[in-house]
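What you are looking at is a predicted structure, and each value in this text was computed from that prediction instead of being measured.
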Amino acid sequence: MSQEARLERLLDFLQRSPTPWHAVSVMAERLEAAGFRRLDETHPWQLAAGERFYVTRNDSSIIALQLPREGLDALRMIGAHTDSPGLRLKPNAAQTSMAGWLQLGVELYGGALLAPWFDRDLGLAGRVHLRRADGRLEGLLLHVDRPVATIPSLAIHLDREVNNGRALNAQTQMAPVFLQGGEKADLTRLLLEWLDAQHDIGDAEILDFELALFDTQPPARVGVRGELIASARLDNLLSCFIGLEALLESDGSQGVVLVASDHEEVGSASACGAQGPFLGDVLRRVNAQLGEAGGAGEGREEGFIRLIQASRMISCDNAHALHPNFTDKHDAAHGPALNGGPVIKVNANQRYATTSATSALFRDLCREAGVPVQVFATRADMGCGSTIGPITATELGVPTLDVGVPQWAMHSIRETAGAEDVEYLTRALVAFCNRAEF
């Protein structure tokens, strides 16, 4: 498959996925086009060997399964997350200022870098729940993909010390300007207008919403030779995309699970997050029908434990690439390079779930796929972030490793990764999906 075609699909996915709800919608669209059947958690499931299906929860997390053609004795699991740090609107978002502007009250979602949000062209997207004229309640996606807000910087003439370091106050200094001379009711009116243009809602009433601001600058290839991918939300939509590509390119012989969970950036403790029961619920239902010990009671639970222990999980979440202007922020022996291949992430304090056994498996997969591999460990005098890997391993007990594409500017409004690494990690994950034995 053409690497250029894959990168074009990536750019399209990033452009169409300003929020987790949109990302899941786009992923579901591709899965259905490839023959996956949508299942509903509230309905009975009838599953057969070789079947492919997917299920969503909260419309912001998704699990896709490719069942093996013969006995369900092990699963190849790929994990990622759909959310990214940013600015979310508060429930009573509309606020008028003494300066004569309608502004938007926001709260921080996750650990966002704040300074890059200033002076950007911001759109608005998310999920809105409304009551139709006939009384039906309905949730709809909203994607206002043109600039409708901005957070202006303060001129250096009014703050001469700004370049010497200045703390930003998210409550008082990060409210986007939205409409000159506007009233609070204008936000509701505009939301209804935009929803009607996108969904033809007619006479409807907005009951609630979950909305986020996003940078309208489109994703792009950057560099003289297009070596780089620059976009919002590379952490972690890049892993969602690569995992989906690998699933769709696998040969179908083995059992494969792709799980993309919401709320990783705020701890994963939710009904649809990695610390919640979503993945376990789905896998138990699958095992109950197709597992080797499909009986009731202790036999079924024993069969589920055997299935989990025979399976492997590769948690995919981007890694910190060696920054050319801040090389001292890396351990000298663990500075991954952009376009140098996927990164195995290791931490002795279990911030990553990698063990020598799961690392060895991934190194062997990369050898098989002809892919270079790198390793990251943080400096001993610095803290370390975490991923869904340790959480999933804790919840399920599945042997897990953490890997990721190296990137710069993690948690910025615009991040950067290597174009070649997209192909590298996809090939490694395809090899994982097709591996007959671990």
Side-chain angles (χ1 to χ4, degrees), residues 10-23 25-26 83-97 99-110 112-128 140-156 168-199 201 206 209-222 229-235 237 409 411-416:
L10 170 61
L11 298 181
D12 178 70
F13 174 62
L14 294 168
Q15 179 75 3
R16 296 174 61 197
S17 303
T19 72
W21 301 283
H22 290 84
S25 177
V26 176
D83 60 322
S84 302
L87 303 181
R88 300 279 180 99
L89 266 61
K90 292 182 176 180
N92 298 321
Q95 56 188 43
T96 56
S97 73
W101 282 88
L102 180 66
Q103 294 181 262
L104 300 176
V106 297
E107 60 180 328
L108 302 185
Y109 179 86
L113 278 171
L114 295 184
W117 280 81
F118 284 85
D119 307 315
R120 308 294 297 191
D121 299 336
L122 302 177
L124 192 63
R127 182 169 66 166
V128 180
L140 296 173
L141 295 183
L142 175 68
H143 187 181
V144 184
D145 58 358
R146 65 179 181 86
V148 294
T150 189
I151 306 171
S153 293
L154 182 65
I156 193 169
L168 295 172
N169 188 305
Q171 174 69 22
T172 63
Q173 298 172 333
M174 297 292 297
V177 295
F178 182 66
L179 180 65
Q180 190 168 25
E183 302 294 334
K184 292 183 178 181
D186 288 326
L187 175 59
T188 300
R189 176 183 58 80
L190 286 167
L191 291 178
L192 286 170
E193 288 180 5
W194 290 328
L195 283 167
D196 191 51
Q198 295 178 21
H199 299 285
I201 61 171
I206 292 178
F209 57 75
E210 295 167 277
L211 295 173
L213 294 155
F214 69 95
D215 186 4
T216 58
Q217 182 179 359
R221 299 281 297 275
V222 175
I229 297 290
S231 175
R233 304 174 299 282
L234 290 181
D235 175 21
L237 291 186
H411 290 195
S412 176
I413 196 171
R414 194 166 179 85
E415 302 166 321
T416 306

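- Within the 3.5 Å criterion, the main-chain N or O of Leu141 finds a donor-acceptor partner in the side chain of His199.
- For Ala112 against Trp117, the heavy-atom pair with the smallest separation is CB-NE1, 4.5 Å.
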Quiz: residues 144-154 side-chain donor-acceptor pairs under 3.5 angstrom, not counting sequence neighbours:
unit_1 : atom_1 : unit_2 : atom_2 : d
Thr150 : OG1    : Arg120 : O      : 3.0
Ser153 : OG     : Asp119 : OD2    : 2.5

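- With rounding to the nearest 0.5 Å, the separation of OG in Ser231 from CG in Asp215 is 8.5 Å.
- Applying the ring pair (Phe, Tyr, Trp, His ring centres under 6.0 Å) test to His143 and every residue at least two apart in sequence or in another chain returns His22, Phe214.
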* Pair Leu168-Phe118, side chain to side chain contact (heavy atoms under 4.5 Å, CB included): steps then yes or no -> CA-CA 11 Å; Leu168 295 172; Phe118 284 85; 3.8 Å; yes
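- Residue Pro20 comes nearest to Asp83 through the heavy atom pair CG-CA, 3.8 Å, listed as atom of the first residue, atom of the second, then distance.
- Scored by the salt bridge (Lys or Arg N to Asp or Glu O under 4.0 Å) test, Asp121 finds no partners at all (sequence neighbours excluded).
- With sequence neighbours excluded, the residues satisfying salt bridge (Lys or Arg N to Asp or Glu O under 4.0 Å) with Arg127 are Asp59, Glu210.
- Remark: Glu107 pairs with no residue by the salt bridge (Lys or Arg N to Asp or Glu O under 4.0 Å) rule, at least two apart or across chains.
- With rounding to the nearest 0.5 Å, the separation of CD in Gln103 from CE in Met174 is 12.0 Å.
- Val26 has its side chain out of reach of Asp12: every pair of non-hydrogen atoms, C-beta onward, lies at least 4.5 Å apart.
- Note: Gln15 CD to Thr216 OG1 = 8.5 Å, rounded to the nearest 0.5 Å.
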Donor-acceptor pairs are to be reported for all side-chain atoms of residues 181-192 against protein atoms at under 3.5 Å, with residues two or more places apart or in another chain.
unit_1 : atom_1 : unit_2 : atom_2 : d
Asp186 : OD1    : Arg189 : NE     : 3.4
Asp186 : OD1    : Arg189 : NH2    : 3.4
Asp186 : OD2    : Glu183 : N      : 2.7
Arg189 : NH1    : Glu193 : OE2    : 3.0

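- Here the side chain of Glu415 pairs a donor or acceptor atom with the backbone of Asp235 at under 3.5 angstrom.
- Of all non-hydrogen atoms in Arg221 and Leu11, the two that sit nearest each other are CG-CD1, 4.3 Å.
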* What do the steps show when you test Val222 against Ile229 for side chain to side chain contact (heavy atoms under 4.5 Å, CB included), and what is the final call? -> CA-CA 6 Å; Val222 175; Ile229 297 290; over 6 Å; no
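- Atom CG in Leu104 sits 10.0 Å away from atom CG in Leu87 (nearest 0.5 Å).
- Taking every heavy atom of both residues into account, Ala175 and Gln95 meet most closely at CB-NE2, 3.7 Å.
- Smallest separation of non-hydrogen atoms from Leu142 and Val128: CB-CG2, 4.3 Å.
- In this structure, OH in Tyr109 is found 15.0 Å from CG in Leu213, a value given to the nearest 0.5 Å.
- A donor-acceptor pair is defined here as one N or O able to donate and one able to accept, closer than 3.5 Å; no such pair exists between the side chain of Arg88 and the backbone of Val106.
- A distance-only check finds a donor-acceptor pair linking the side chain of Ser17 to the backbone of Phe13 [under 3.5 Å].
- Distance CD1/Ile413 to CG/Leu113: 10.5 Å, rounded to 0.5 Å.
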* Please report the C-alpha distance between Ile206 and Leu195 in whole Å, then the side-chain angles of each, then the deciding distance to 0.1 Å, and finally whether the side chain to side chain contact (heavy atoms under 4.5 Å, CB included) criterion is met. => CA-CA 10 Å; Ile206 292 178; Leu195 283 167; 4.2 Å; yes
